[in-house]
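Report on one structure; see the data block that follows.
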Amino acid sequence: MDYFLGLDCSTQSFSGILIDFQTKETLFSHSINFDISLPQYGTKHGVNTFDEGKVVHSNPLMWVEALELLFTIFLQEDLLLNDIKLITGSCQQHGTVYLNKFFEPALKNLNSEKSLFSQIKGTFSRETSPVWMDSSTTKECEEIRNQLGGLKSTIQITGSNTFERFSGPQIRKFYKNNYNHYAQTSVIHLVSSFLSSILLGKNSPIEHSDGAGMNLMNIKTKEWDSRALDSTAPDLKNKLPPLTNPYNIIGKIAPFFVDRYGFSSETLLIPWSGDNPSSLIGVGLTGKGKAAISLGTSDTYFTYLKDLFVDLNGEGHVFGAPTGDYMGLICYKNGSLAREKVKDRFNLNWTNFSKILAKTPPGNYGKIMLPYFFPEIVPLVLKPKVYRFGFDDNDLEGNVRAVIEAQFLSMKIHSEWTQESPEEIYATGGASTNIEILKIAANIFNTKIRQFEVTNSAALGAALRSVKSYYNSKNFPYDWTELVRNFLKIEESIVIHPDNKYALLYDDMLSVYQKCEDYILRSGEDPELSRQVFIKKYFKNQRDNQS
Ligand code: XUL
């Protein structure tokens with residue numbers, strides 16, 4: 001039997017999906033929620049937040065304990081772990097883990113009678129890890145960008161502008177503020193390469209797709225860029241693991257996992273990657289002409305890129321793709337947590353929330369929200385504040401529809417740089433189960449949206465990456481598209497079609513939304529006149545609801 005395991009360490013949970021590639025079945029899937037299962041870490045939504053939301057960290061030991069909990073559940077379920085041929089995982093991107101000189105020796109000498117947690121807890125040179133929600137490094141972003149010759153050259157070198165959450169600016173902040181601890185750091189891992197190292201029993205390389213989210217890797221050569229390293233912190237090259245291709249086999253599972261959980265000692269490993277690159281595979285985005293939206297803690301919009309193509313305006317990112325090619329991406333911090341804020345403000349559950357979406361009209365009577373409940377990445381908003389045009393925060397129906405319309409209007413505007421007008425958008429992530437949300441997305445993008453049965457496409461993508469590398473190693477190279485199509489049963493997924501009668505309305509609303517954004521963020525013209533014209537055009541017979 002050829003089983004494959006895909007793991008995923010996201011912001012709020014740690015999941016695993018075990019698949020049988022021959023029967024194309026998911027044998028088992030399970031998720032550990034950090035807040036609920038590991039309350040000793042005091043997280044809310046998987047993170048610890050300080051300094052009015054600017055500093056956002058998680059404890060890497062929490063991820064290790066979650067891995068142990070998940071494997072213990074596998075044991076209790078009597079899963080045939082011995083039949084797993086290859087394992088990999090994916091993780092929230094950008095977060096960094098700082099380890100001292102005891103880390104690798106501890107991994108090489110793990111005793112299977114003791115917990116992992118107890119054996120590596122003394123090997124960190126920084127207790128907690130800054131994660132992708134952290135926005136405290138504006139100064140360091142500017143310093144690195146200036147050193148690299150400004151915005152355009154930073155983007156051309158690393159694939160992205162410097163962003164607060166990216167690993168390079170975070171490393172620089174640590175070096176500047178905690179020099180002693182920086183000096184005691186032997187290796188700096190991404191969340192992905194940290195967890196990859198644990199399974200491997202020694203330091204794992206960082207693979208190119210996640211490495212691209214650091215502002216340290218040269219996006220063309222896929223090697224550490226000496227200019228970027230020098231602009232970030234001294235002696236950094238010696239503290240970073242090497243880079244490798246996402247599909248390279250890096251070794252076999254450490255004996256600890258064989259003895260303690262019953263994995264086969266022949267289980268192969270490839271490096272863990274970022275959750276978005278893994279989702280690219282998990283939704284089957286292996287060719288041009290399609291895009292995906294991932295609606296999770298972060299909302300992301302991404303496309304597959306055959307050739308390197310950067311956003312010189314600086315909002316988008318180019319990461320590696322697990323296929324060895326590239327992907328374009330934009331990321332929002334106001335994803336599920338912003339939706340939840342509105343839901344909780346009115347004591348709704350998701351069923352009521354959806355009912356309101358179903359009964360309120362596209363265009364929302366001209367009520368427009370800029371939903372910066374948290375600092376935002378795209379567009380850059382460091383001080384959170386929610387702006388409402390034509391309604392207030394007591395308007396239940398207005399707020400419910402406005403937050404969802406705002407999320408997709410913004411996504412449509414800010415994804416234009418990818419120059420892909422997709423024929424179809426694949427939806428994944430927790431909120432992709434909500435048909436009413438997807439209907440709004442379909443109408444705003446004026447594109448059909450495909451909803452999949454498996455919503456954790458990052459873990460599934462990891463399992464499918466495992467399949468690909470395993471059969472490659474056996475000289476049976478599957479074509480990516482064929483491999484993914486077979487497993488995802490694309491024909492059976494649900495398609496939500498846009499309703500053409502709203503195409504013009506949303507085109508008009510996009511320009512009003514853009515004006516609202518310009519007005520608040522770029523001292524643009526007052527959008528009120530345009531908003532009133534919009535209301536007159538589409539809601540002239542519904543005066544009661546106008547404002
Ligand atoms: C992508 C990003 C987030 C994290 C969290 O650039 O920051 O999507 O990967 O999942």
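Heavy-atom basis, side chains included; hydrogens, waters and symmetry copies ignored. Whatever order the structure lists ligands and atoms in, that order sets their numbers, starting from 1.
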For Gly274, is the nearest heavy atom under 4.0 Å from an atom of ligand 1?
no
For Phe319, the ligand 1 atoms with a heavy-atom partner under 4.0 Å come out as 6 (O)
| query | Salt-bridged, Glu517 to Arg522, with N to O below 4.0 Å? | reply | yes
Of all protein heavy atoms, the one nearest atom 2 (C) of ligand 1 is Cys331 SG, 3.4 Å
Keeping the roles fixed (side chain from Ser469, backbone from Ser466), state whether a donor-acceptor pair exists under 3.5 Å.
-> no
Item to complete: Using non-hydrogen atoms of the residue, decide whether Leu329 is closer than 4.0 angstrom to ligand 1.
Response: yes
Within 4.0 Å of some non-hydrogen atom of Thr300, the atoms of ligand 1 are 8 (O)
If you measure from the Lys or Arg side-chain nitrogens to the Asp or Glu carboxylate oxygens, is any gap between Glu436 and Lys439 under 4.0 Å? yes
The answer for which part of Asn276 has a heavy atom under 4.0 Å from ligand 1 is side chain
Atom 7 (O) of ligand 1: of His317, Gln93, Arg165, the nearest heavy atom sits on Arg165
The atoms of ligand 1 lying under 4.0 Å from a heavy atom of His94, numbered in the order shown, are 1 (C), 2 (C), 6 (O), 7 (O)
* Taking Thr154 for the side chain and Asn161 for the main chain, is one N or O donor matched with an acceptor at less than 3.5 Å? -> no
message: Please report whether ligand 1 has a polar contact with Ser298, defined as an N or O pair separated by less than 3.5 Å (distance criterion only).
response: yes
Note: Phe163, heavy atoms under 4.0 Å from ligand 1, region reported as neither
I'd like to check whether Asp275 has a polar contact with ligand 1, where a contact means an N/O of the residue lying under 3.5 Å from an N/O of the ligand.
yes
Is Glu424 close to Arg450 at the side-chain level, that is, under 4.5 Å between some pair of heavy atoms?
yes
Side chain of Ser58, backbone of Gly46: donor and acceptor closer than 3.5 Å?
yes
* What about the rings of Phe445 and Tyr301, do their centers lie closer together than 6.0 Å? -> yes
Quick check on Lys152: does its NZ atom have over 12 non-hydrogen neighbours (other residues, nucleotides or ligands) under 6.0 Å away?
no
